[in-house]
Amino acid sequence: MANIQDIFFSKAELARYDRHIIIPDFGLEAQKKLKAAKVLVVGSGGLGSPLLLYLAAAGVGTIGIVDFDVVDDSNLQRQVLYGKRDVGRAKARAARSRLRALNPYIKIKLHETRLTSENALAIIQPYDVVADGTDNFPTRYLVNDACVLLGKTNVYASIFQFEGQVSVFNYRNEAGEWGPNYRDLYPTPPPPGLVPSCAEGGVLGVLPGIVGSLQANEVIKVLTGLGTSLSGRLFLFDALHFETRTFALKRRPENPLNGENPSITALVDYEQFCGLKNSDEKPVQEIDIETFLQWTQNEADFQLVDVREPQEYDAGNLGGLLIPLGEVVARAQEIARDKKVVVHCRSGARSAKAIRALAEAGIEVQHLYNLKGGYLAVQALEPIG
Amino acid sequence: MATVIIPTPLRKFTDNESRLSTPAANVAEALQDLAIRFPNLKKHLLDDQGQIRGFLNIFVGDADIRDLALEQTPISADAVLSIVPAIAGGRQ
């Protein structure tokens, strides 16, 4: 962080930040700290939208954005940074346009890349605080580990359907003690497929607005040193029942990053850590989309099994038998044994897991075919309506 | 009866119930009770060795059972037990 003695405001900036400056506990000093600060926002999606908007509006001097994605129609229900005309644009660039229009007095730096074990330390190093608004477990652990290794505070939020979590990880208090981090909270990620993602399970659009705003509030508190941060606590918000809970969180001696016997001293392969990459994984027999359509047109005798979630099925399906991935082994007897079976999901990942799960459970899978590209591929070939 | 709050991702295994009552006297009994009433929920709570899964935290009131007596943590009749899984967001 730049020295706040060297921070000055123009008349226009003073006018802009007046409602901050006149708060007795905030004042010019906190506003200077914001201007001197550099915050990296990882992910400019649902959580990143309110985060970026409020951090920019509040006058955080330098904001970095990590995102490699492009704006999609299905983002607009919650990603309020973007509008209809941004669909197809790179998110980081569209975000920069919006934030520049909102506050021309701040710097915005783009990192249009996927955060990886190779680039994370270099990208995060120049920043004071990281705000994690990512959407997958490997990146969550990557951001956490990189922040702990670099000694950066990681303001964390996560959402699913109607529920959100917020905490402040790796926060150094005035006594110089480091607070808990993500690995103290969750030592291991869920095995793939056990917990559905938002792409499968959905998310209420306003939820990231609420949770991402709480996250922005914590970032501002960490930067200014005001109030009591959420370090050492996990906040939970259930939008459906309007329930909030706050739990105590402690550092754990077995934490492999900074516990009593640290075993992680450099970034690792997080896809592998999260079980998403398994070199021992047996390839699954596949059927390509053209062959599948031929089978359908020729009325070949095969069974179609859809392993997506019921809500996804209701939103559009190919008429297959619905057996969500989590139930596939328990309901194996519903899968035909006397003919070919095509198993599909949204993109082909869960259906491959389903076939592997059946094989691991000792069920014959030689007649099972994973539909390559899944429902999305069929949709792309056959525009609906 | 103690109350167990079921997190959103696991409600599909509890007939969409978000709050359940349990006569259990400790955390292990409460999980066992849930596993019996909702057999599909069991594998999401416990691994093959019967251990609480690493991506789940269990709190009694606002305290982590890892700071209490783990599965043997007693729960009183007015206790609230929260199951809090890791959630990531959009993709996995």
Side-chain angles (χ1 to χ4, degrees), chain A residues 43 45-47 69 75 132-140 157-165 182 184-201 203 208 233-234 236 238-241 243 245-250 252 274 276 309-310 324 326-327 329-330 349, chain B residues 2-20 27 35 38-49 51-70 73 75 78-92:
Chain A
L47 292 165
D69 210 356
N75 298 151
D132 178 1
T134 56
D135 59 4
N136 62 85
F137 287 110
T139 315
R140 295 261 174 215
S158 189
I159 49 170
F160 177 76
Q161 290 186 344
F162 299 104
E163 211 155 279
Q165 301 179 348
Y182 193 54
D184 293 305
L185 177 61
Y186 295 114
T188 52
L194 209 55
V195 180
S197 71
C198 291
E200 299 158 23
V203 62
R233 289 180 291 166
L234 174 70
L236 225 73
D238 179 345
L240 198 56
H241 300 285
E243 279 179 342
R245 284 170 283 165
T246 308
F247 303 110
L249 198 62
K250 288 186 183 160
R252 313 226 67 93
C274 293
L276 297 174
E309 298 300 310
E327 299 170 23
V329 173
Chain B
T3 303
V4 184
I5 303 183
I6 306 294
T8 310
L10 297 184
R11 283 177 199 165
K12 63 178 174 179
F13 304 108
T14 60
D15 304 329
N16 265 330
E17 289 291 336
S18 59
R19 278 171 174 264
L20 299 165
V27 171
F38 306 100
N40 290 333
L41 180 65
K42 187 178 177 181
K43 70 166 182 178
H44 297 271
L45 300 177
L46 306 169
D47 65 18
D48 297 340
Q49 282 80 46
Q51 299 290 313
I52 296 169
R53 289 184 174 273
F55 63 90
L56 280 185
N57 277 318
I58 301 195
F59 297 90
V60 175
D62 69 353
D64 192 328
I65 61 164
R66 293 179 295 175
D67 297 320
L68 301 168
L70 293 169
T73 303
I75 45 178
D78 59 352
V80 176
L81 194 146
S82 299
I83 301 172
V84 183
I87 50 175
R91 296 193 191 86
Q92 276 175 230

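Below, all heavy atoms of this structure are taken into account, side chains as well, without hydrogens, waters or symmetry copies.
Looking at B:Val84, the atoms closer than 4.5 Å to chain A (heavy atoms on both sides) sit in the backbone and in the side chain alike. Residue contact with chain B, scored on non-hydrogen atoms closer than 4.5 Å, is absent for A:Leu47. With a threshold of 4.5 angstrom between heavy atoms, B:Ser18 approaches chain A through side-chain atoms but not through N, CA, C or O. Using a 4.5 Å cut-off between heavy atoms, A:Asp184 touches chain B through its backbone atoms (N, CA, C, O) alone. Using a 4.5 Å cut-off between heavy atoms, B:Pro7 contacts chain A through both its backbone and its side chain. If you measure heavy-atom distances from A:Arg233 to chain B, you find no contacts under 4.5 Å at all.
For the atom pair CD1 (B:Ile87) and CG (A:Asp135), the distance works out to 12.5 Å, reported to the nearest 0.5 Å. Note that the CD atom of A:Glu243 and the CD1 atom of B:Ile5 stand 5.0 Å from one another [nearest 0.5 Å]. Considering CG of B:Asp67 and NZ of A:Lys250, their distance stands at 4.0 Å, rounded to 0.5 Å. Note that CG of B:Asp64 and CG of A:Leu249 are 7.0 Å apart. Values are rounded to the nearest 0.5 Å.
Between chain A and the residues B:Asn57, B:Val80, B:Asn40, the most heavy-atom pairs under 4.5 angstrom are made by B:Asn57. Of the residues considered (A:Ala157, A:Ala349, A:Gly45, A:Pro189), A:Pro189 shows the highest number of contacts with chain B, using heavy-atom pairs under 4.5 Å. Top candidate by heavy-atom pairs under 4.5 Å with chain A, chosen from B:Ala63, B:Gly61, B:Ser82, is B:Ser82. With chain B as partner, the option from A:Leu185, A:Leu240, A:Asp132 having the largest number of non-hydrogen pairs under 4.5 angstrom is A:Leu185.
When all heavy atoms of A:Tyr186 and B:Phe55 are compared, the closest pair comes out as CE2-O, 3.2 Å.
Side chain of A:Arg252 to backbone of B:Arg66: a donor-acceptor contact under 3.5 angstrom is found. Put simply, the side chain of B:Arg53 never gets that close to the backbone of A:Pro190: no donor and acceptor are under 3.5 Å apart.
Checked for salt-bridge contact, B:Arg19 and A:Asp238 miss the test: no charged N lies under 4.0 Å from a carboxylate O.
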